[in-house]
There are 2 protein chains.
Amino acid sequence: MRLTTKGRFAVTAMLDIALYEADKPVTLAGISERQSISLSYLEQLFSRLRKQGLVSSVRGPGGGYRIARAHQEISVSDIITAVDEQIDATQCGGNENCHDEGRCMTHELWASLNSKILDYLSGVSLADMVEMQRKKGAGTVVFAPRKCGSEATIAA
Amino acid sequence: MRLTTKGRFAVTAMLDIALYEADKPVTLAGISERQSISLSYLEQLFSRLRKQGLVSSVRGPGGGYRIARAHQEISVSDIITAVDEQIDATQCGGNENCHDEGRCMTHELWASLNSKILDYLSGVSLADMVEMQRKKGAGTVVFAPRKCGSEATIAA
DNA sequence: TAATAATTGACTAAAACAGTAGGTTATTAT
DNA sequence: ATAATAACCTACTGTTTTAGTCAATTATTA
């Protein structure tokens, strides 16, 4: 997997829906405004999130997006892998430089790091994040995702 | 911190020196050949590694690079942070969007992930990697770092 | 039927990654 | 002394990814 601001945007947007979704689905325009993420960029992200079955869409007036599964059933790693297509599924490329025996020297190190990251992110569900957010913002919740947090770009 | 192939190259190169350094320092030309990393690219990486005090250099014929500290005293995270200058030291930019209270919604998530990654990588020393490598390649050790392992790009 | 809002596709500026090219300086061996 | 070695330094390049824009189409509801 791979962790960039793209993945962060997606997680933030999903959390936004989880918090605001009630009777009505949540519009991208609303998410865009609250989270300061470009509408067109959200559209691209949600195209993927929908194809991966993480959200369902309703067209027309009063339409928008809903979380498609139970909040406990969606992990942060689900969201990230949905928007950040991992190109490098073939571990060592399949051929070229990495012999089946021998591998590259640091292979085990990165493999092990990757599994640690994945373990952590798949252990955090949308439900966890909602709860965390509810606890935190007792009064008015301030949303300001942009440029927040340190730059992260993990590829596992 | 941020994890890319740049960091992987640096770790691979440092491990190469640790394995080959004996009476003589190790030349970049040698590393370049063994690890299939471009010489000029290595020069760039080693400029940083030297400035961070991870390696020491000897000029002229018979010169090259040595590991500057005890192998146990150098962690993988040391190497990576040396070559991948983290721009985003100011956590939330210092101003703009991220209020001191409120922060961005997913702030804690990434902060926590980052510390997990850092914990792991700072727990693995060059000495650990040397030992691992010696155990593995009992006979002939095959080096083939290029494109090996899954693409990784973590920014913490 | 008009407004809403998802859906799609192509296109763009900026940054980072990985690498190249060409030169300068210090040290050693001849 | 001088030639070879190898670190050191600066600037430049092509490709990919990131983040975003623009413009159009389709489905739904008031």
Side-chain angles (χ1 to χ4, degrees), chain A residues 1-10 12-13 17 23-33 35-51 55-66 68 80 83-88 97 145-147 151-155, chain B residues 1-10 12-13 17 23-33 35-51 55-66 68 80 83-88 145-148 151-155:
Chain A
M1 74 182 302
R2 138 180 296 186
L3 224 167
T4 63
T5 55
K6 200 173 185 174
R8 263 217 302 282
F9 280 170
T12 300
I17 297 185
D23 49 331
K24 288 203 170 195
V26 179
T27 67
L28 293 190
I31 300 174
S32 171
E33 205 173 314
Q35 308 299 341
S36 315
I37 303 172
S38 127
L39 176 60
S40 303
Y41 201 41
L42 281 173
E43 283 169 350
Q44 283 175 40
L45 298 181
F46 274 78
S47 168
R48 301 215 174 151
L49 293 172
R50 191 174 56 84
K51 277 168 190 159
V55 295
S56 60
S57 60
V58 181
R59 286 183 158 202
Y65 285 94
R66 288 185 195 283
I80 291 168
V83 297
D84 256 320
E85 84 278 28
Q86 66 234 61
I87 311 136
D88 198 28
N97 287 354
R146 220 168 246 231
K147 297 259 159 122
E151 279 311 296
T153 314
I154 305 164
Chain B
M1 74 181 304
R2 137 178 295 186
L3 223 167
T4 64
T5 54
K6 198 171 184 176
R8 263 218 302 283
F9 279 169
T12 300
I17 297 183
D23 48 331
K24 287 204 170 194
V26 179
T27 68
L28 292 190
I31 300 174
S32 169
E33 206 173 314
Q35 309 297 340
S36 315
I37 303 172
S38 126
L39 176 59
S40 304
Y41 201 40
L42 281 173
E43 281 171 350
Q44 285 175 39
L45 298 180
F46 274 79
S47 167
R48 301 217 173 150
L49 293 171
R50 192 174 55 84
K51 277 166 191 161
V55 294
S56 61
S57 61
V58 181
R59 286 184 156 202
Y65 286 93
R66 288 185 196 281
I80 291 169
V83 297
D84 255 321
E85 84 280 28
Q86 65 234 61
I87 311 136
D88 198 27
R146 221 171 245 226
K147 298 258 158 125
C148 189
E151 278 312 295
T153 316
I154 305 165

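Residue numbers start from 1 in every chain, and the chains themselves are labelled A, B, ... in the order their sequence lines are given, proteins ahead of strands.
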Worksheet item: Taking CG from B:L28 and P from C:dT20, how many angstroms apart are they, rounded to a whole number?
Response: 15 Å
Discussion item. Base, sugar-phosphate or nothing for B:Y65? Non-hydrogen atoms, less than 4.0 Å.
Written reply: sugar-phosphate
Discussion item. Could you tell me if the side chain of A:S40 sits less than 4.5 Å from the side chain of A:E43, heavy atoms only?
Written reply: yes
Worksheet item: Just how far, in rounded Å, is P of C:dT8 from CZ of A:F46?
Response: 14 Å
Worksheet item: 5'-most contact on DNA chain C: B:G62 or B:G7, nearest heavy atom basis?
Response: B:G7
Worksheet item: Would you call the rings of A:Y65 and A:F46 parallel, tilted or perpendicular, where under 30° means parallel and over 60° means perpendicular?
Response: tilted
Worksheet item: To the nearest angstrom, how far is B:I17 atom CD1 from D:dA6 atom C1'?
Response: 13 Å
Practice prompt. Using whole Å, report how far CD of B:E43 lies from C1' of C:dT25.
Written response: 13 Å
Fill in: Nearest-angstrom distance from the residue atom CD1 of B:I37 to C1' of C:dC17
14 Å
Discussion item. Side-chain N or O of B:R50 versus OP1/OP2 of D:dC9: is the shortest distance under 4.0 Å?
Written reply: yes
Discussion item. What is the distance, to the nearest angstrom, from the NZ atom on B:K6 to the C1' atom on C:dA16?
Written reply: 8 Å
Worksheet item: Under 4.0 angstrom, heavy atoms only, what part of the nucleic acid is B:T27 near: base, sugar-phosphate, or nothing?
Response: sugar-phosphate
Item to complete: Write down the distance between NZ (A:K24) and P (C:dT4), rounded to a whole number of angstrom.
Response: 12 Å
Discussion item. Does C:dT20 have OP1 or OP2 under 4.0 Å away from a side-chain N or O of B:S38?
Written reply: yes
Worksheet item: To the nearest Å, how far apart are B:Q44 CD and D:dT10 C1'?
Response: 10 Å
Worksheet item: Can you find a side chain N or O atom of A:S57 that sits less than 4.0 Å from OP1 or OP2 on C:dT7?
Response: yes
Discussion item. Looking at C:dT12, I'd like to know if its phosphate oxygens (OP1 or OP2) sit under 4.0 Å from a side-chain N or O belonging to A:Y41.
Written reply: no
Practice prompt. Can you see which heavy atom on B:L39 is nearest to which on B:S32, and at what distance?
Written response: N-OG, 3.7 Å
Item to complete: Using atom types as modelled and distance alone, determine if a side-chain donor or acceptor of B:T12 lies under 3.5 Å from a backbone N or O of B:R8.
Response: yes
Discussion item. With a 4.0 Å limit, can you tell me whether B:R59 has a side-chain N or O closer than that to the phosphate oxygens OP1/OP2 of C:dT28?
Written reply: no
Worksheet entry | Within-4.5 Å side-chain heavy-atom neighbours: A:Q35 and A:F9 | no
